[in-house]
Asks: 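Let me give you the structure first, and then I'll get to my questions.
None of these values were measured; they are calculated from a predicted model. Naming convention: chains lettered A, B, ... in sequence-line order (proteins, then strands); numbering from 1 in each chain.
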Amino acid sequence: MKALVIVESPTKAKTIKKFLPKGYSVDSSMGHIRDLPANAKEIPAKYKKEKWANIGINIDKDFEPLYVISADKKKVVDKLKKQLSDVDELILATDEDREGEGISWHLLEVLKPKMPVKRMVFHEITEDAIKKALLNFREIDMNLVNAQETRRIMDRLAGYTISPLLWKKLAPGLSAGRVQSVAVEVLVQRERERMRFVTSSYWDILAQLNKSGDKVSFKSELARVNDTRIATGKDFSSETGLLDTKSKVLLLNEKEAQELVETLKSAKWSVQAIEKTNQKRSPAPPFITSTLQQEANRKYGFSAKETMQVAQKLYENGYITYMRTDSTNLSQQAIEAARNAVVSIYGKDYLFHTVRSYNKKAKGAQEAHEAIRPAGNQFKTPQETGLSGKEFKLYDLIWKRTMATQMADALLNFTNAEIVAQNNGTSAMFKSSGKQIVFPGFFRAYVEGSDDPEAALEDQESMLPELFVGDTINAKNIEAKGHETKPPARFTEATLVKALEKEGVGRPSTYASIISTVVDRGYVKKEGNALIPSFMAFAVAGLLEKHFPDLVDTKFTSEMEGKLDEIAAGEHEMLKYLESYFKGEKGLLNQIQIQEAQIDPAEARKIVLPIRDLEGLQVLVGKFGPYVQTTDLAETASTSLPIDLYPGDVTQAKLKELLQDSKDGPSSLGKDPETGDDIFVLNGRFGPYVQVGLGEDKKVKPKRGSLLKGMKPEDLDLPTALKLLDMPRLVGTHPESGKEIRAGVGRFGPYVVHDGTFASLAAADNVLEVELPRALELLTKAANRKSRGSAPIQELGKYPEEKGDEIQVLTGRFGPYIKWGKLNVKIPKGVEPEAITRQEAIDLIDAKK
DNA sequence: CAGTGAGCGAGCTTCCGCTTGACTT
């Protein structure tokens with residue numbers, strides 16, 4: 001008896017193959033094998049004329065979806081079909097969640113097997129689990145499949161009806177969807193909060209104290225004056241910058257704080273109260289996709305995408321379990337491995353007295369996989385893996401976090417002391433606190449947000465000397481200190497993922513791509529770690545809030561999930577739900593028609609900015625990006641905003657300045673020594689640039705040069721401008737060839753070039769300053785790399801004979817490959833590139849074609 | 001590539017979720 005088992009990922013296929021009896025072959029579907037057509041190219045000619053072709057769902061015929069197998073999935077399907085002709089049984093072993101069940105059903109629909117079909121599910125890839133699963137087959141759960149299809153259809157209906165409305169009302173190419181629109185909304189709301197924020201300042205007093213006769217000093221902070229609490233940042237309203245008047249507080253300004261310091265200098269200090277408390281700390285749950293992305297970002301500054309790429313590598317090479325998961329569950333095997341390792345590395349005292357399990361489910365979690373942890377039933381320590389760089393860092397993080405879950409709680413001791421200073425009727429109460437780690441427990445392996453647990457342990461301790469009520473205290477140093485309230489921070493990739501996950505928006509497999517989507521659509525730019533929404537994001541968020549409030553509300557997803565759960569449980573009919581969602585009185589179709597008529601494009605293009613005093617000025621988004629316009633109808637003036645100006649930086653003064661600059665025309669930086677013409681800094685579609693003259697003579701192309709990254713137009717001086725105009729700049733001549741070496745900025749950043757060989761500059765180099773020796777150094781390195789990388793291992797002659805392209809075997813960045821004209825074919829593992837024959841190479845080339 | 005805020009208008013843009021391969025600078 002022969003059986004074919006289909007799973008979702010090739011790595012998984014390889015692993016479970018080991019646990020299956022003889023006669024079982026395993027292959028993978030690589031995720032979904034078919035889907036609604038993504039674009040016009042994917043719509044079959046037969047359906048092109050249908051009015052629902054673009055949406056890919058026949059609205060009038062029970063929402064029948066049009067599924068297509070995309071070009072890259074065609075190969076997968078063909079391969080599976082071929083293998084199927086050779087077996088007696090098909091076993092569908094895709095993930096046991098909504099999408100996994102859907103994939104199995106699609107496989108069934110596409111492969112149309114003639115032999116018996118079974119559905120197999122397992123939650124961990126261990127021999128036990130697989131063996132058990134082989135004894136417990138079930139049928140495909142059509143209710144679950146329906147839930148998946150409903151999800152798919154709803155997302156398509158919303159995305160492909162609302163996006164076109166944005167094209168008509170705002171700008172072509174824009175997009176809206178259940179997930180991305182929530183992400184944009186969240187970012188815009190935070191940005192508005194920041195813009196409304198009014199900074200306040202307050203003062204407090206810090207004292208360095210010590211016990212009489214004791215050398216060790218400790219810090220103390222003013223808390224109350226004559227029984228009235230001192231104002232801190234929390235007491236201010238973020239929108240007015242004024243004190244929230246609810247509670248009675250004392251707000252000190254600089255002068256008052258200094259006066260108080262003087263009074264305190266001759267005060268009598270003594271301990272008024274001491275309070276000691278013990279606290280336990282428990283380790284965080286094992287990693288899931290979202291928390292891994294957050295921690296890797298916090299500790300190492302990895303982007304979500306970077307983390308997933310590194311994790312994928314670790315997974316493929318057998319270091320960790322599956323990296324796209326929403327379950328914090330650890331298998332029995334993992335718990336045992338962790339507990340054994342804890343005992344052998346940290347000792348028995350560090351083992352938690354019993355198995356610690358985490359079963360709190362995240363909102364909307366499907367839990368088809370385990371938590372992310374070191375693979376196997378014996379964890380390799382990070383050192384034992386032999387990994388390096390990012391892979392080591394990420395494995396280390398996962399190992400530590402997993403270990404910590406089975407380690408003992410940490411025990412902390414807190415001491416809070418109240419110290420009173422009295423002088424001439426003024427009584428000031430200071431507070432000091434100390435923290436001591438009584439037992440580090442899991443802190444030994446893992447401290448959230450910290451890179452080095454051992455160092456963090458020391459950091460966390462802040463000792464107070466032994467104090468008793470009534471002790472006399474000396475003040476060594478008393479200082480007034482000013483503070484300013486800060487607006488809420490912008491979202492980072494990590495905090496955005498966290499916020500979305502909390503609302504159940506998005507899935508582990510999509511968190512990283514949500515960020516790329518909103519960046520690609522021009523809704524968001526990444527600056528350092530911060531995500532900054534653009535004017536277009538403000539326009540889209542404004543329009544959706546007003547006209548499609550459901551789409552930007554996080555409740556939308558949770559309500560949908562509720563309905564999908566009902567469908568999955570067989571309690572609700574899929575069609576009825578889709579009918580009401582799309583065609584009901586308040587349904588999407590009706591909404592689209594109403595809003596189509598109602599939304600005035602001219603209004604929608606106006607950006608609503610939460611800034612006071614913007615009177616007379618309006619920012620709009622237009623065909624060529626954001627611009628500012630005066631609202632005075634008698635005499636309107638307008639000008640584009642520079643590309644690096646984002647809503648968060650807008651002030652009335654800035655906008656006025658831009659309008660004034662555009663009215664005055666550009667001012668000259670100075671004269672070009674060659675032509676005597678004026679040199680201007682101008683603002684173009686691609687950012688600021690310098691130009692000789694204003695280009696009045698349309699026939700002659702003026703000399704131009706872009707400003708380099710990070711250069712500010714207002715800071716530019718004439719010598720720098722001349723250098724920019726001269727790019728790519730002559731660095732010198734090569735001592736051997738005598739040919740010139742130039743430096744410039746290209747598509748991949750700053751470079752030096754000599755005789756057609758390019759070498760990228762390092763971050764520390766400056767294109768405008770780079771000198772000949774450094775250029776030669778870089779060029780020699782590049783030349784060496786080139787000759788090593790592209791030296792062919794084998795030349796196998798032309799194909800077809802004589803007139804075709806040469807077949808070459810080469811080593812590239814990703815291993816050996818065959819090059820034939822424009823086509824590159826990877827050499828399969830196990831095949832020696834040195835020994836490959838001409839015929840084998842031709843076979844591989846043909847297979848690829 | 002280059003500073004505008006209106007015009008002729010074919011055919012296209014766009015969703016979310018599951019996966020890896022190709023890229024050989």
Asks: Output every pair passing side-chain hydrogen bond (donor to acceptor under 3.5 Å, both in side chains) with a member in residues 175-185 of chain A, not counting sequence neighbours, ordered by first then second residue.
Replies: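 Only A:D155-A:R178, A:S175-A:Q180, A:S175-A:R521, A:R178-A:T557, A:E185-A:Q189 qualify under side-chain hydrogen bond (donor to acceptor under 3.5 Å, both in side chains).
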Asks: Please list, chain by chain and in numerical order, all residues satisfying side-chain hydrogen bond (donor to acceptor under 3.5 Å, both in side chains) with A:R156, sequence neighbours excluded.
Replies: none
Asks: Who are the side-chain hydrogen bond (donor to acceptor under 3.5 Å, both in side chains) partners of A:D600, not counting sequence neighbours?
Replies: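 Partners of A:D600 under the side-chain hydrogen bond (donor to acceptor under 3.5 Å, both in side chains) test: none.
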Asks: Identify each atom pair where a protein N or O and an N or O of nucleotides 7-9 of chain B are less than 3.5 Å apart, giving names and distance.
Replies:
none

Asks: Taking side-chain hydrogen bond (donor to acceptor under 3.5 Å, both in side chains) as the test, write out the residues that go with A:N146, two or more places apart.
Replies: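 None.
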Asks: In terms of side-chain geometry, is the basic nitrogen of A:K169 or A:E596 positioned less than 4.0 Å from the acidic oxygen of its partner?
Replies: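 Salt bridge between A:K169 and A:E596, a charged N being under 4.0 Å from a carboxylate O: no.
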Asks: Test of understanding: with salt bridge (Lys or Arg N to Asp or Glu O under 4.0 Å), list the residues that count as partners of A:D678, not counting sequence neighbours.
Replies: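 Salt bridge (Lys or Arg N to Asp or Glu O under 4.0 Å) list for A:D678, sorted by chain: A:K671.
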Asks: Reading nucleotides 11-20 of chain B 5' to 3', which nucleotides get B (base under 4.0 Å from a protein heavy atom), which S (sugar-phosphate only), which -?
Replies: -SBBBBBBBS
Asks: How is the base pairing of DNA chain B summarised as a dot-bracket string, given the Watson-Crick and G-U wobble criteria with both distances under 3.5 Å, [ ] for crossing and | for another strand?
Replies: .........................
Asks: Taking salt bridge (Lys or Arg N to Asp or Glu O under 4.0 Å) as the cut-off, I'd like each qualifying pair that reaches into residues 658-668 of chain A, sequence neighbours left out, listed once.
Replies: none
Asks: List in chain and number order the residues that pass ring pair (Phe, Tyr, Trp, His ring centres under 6.0 Å) with A:Y581, two or more places apart in sequence or in another chain; answer none if no residue qualifies.
Replies: none
Asks: Which residues pass the salt bridge (Lys or Arg N to Asp or Glu O under 4.0 Å) test with A:E101, not counting sequence neighbours?
Replies: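 By the salt bridge (Lys or Arg N to Asp or Glu O under 4.0 Å) rule, A:E101 matches A:R119, A:R138.
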Asks: Can you name the side-chain hydrogen bond (donor to acceptor under 3.5 Å, both in side chains) partners of A:D27, sequence neighbours left out?
Replies: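 A:D27 satisfies side-chain hydrogen bond (donor to acceptor under 3.5 Å, both in side chains) with A:K79, A:Q83 only.
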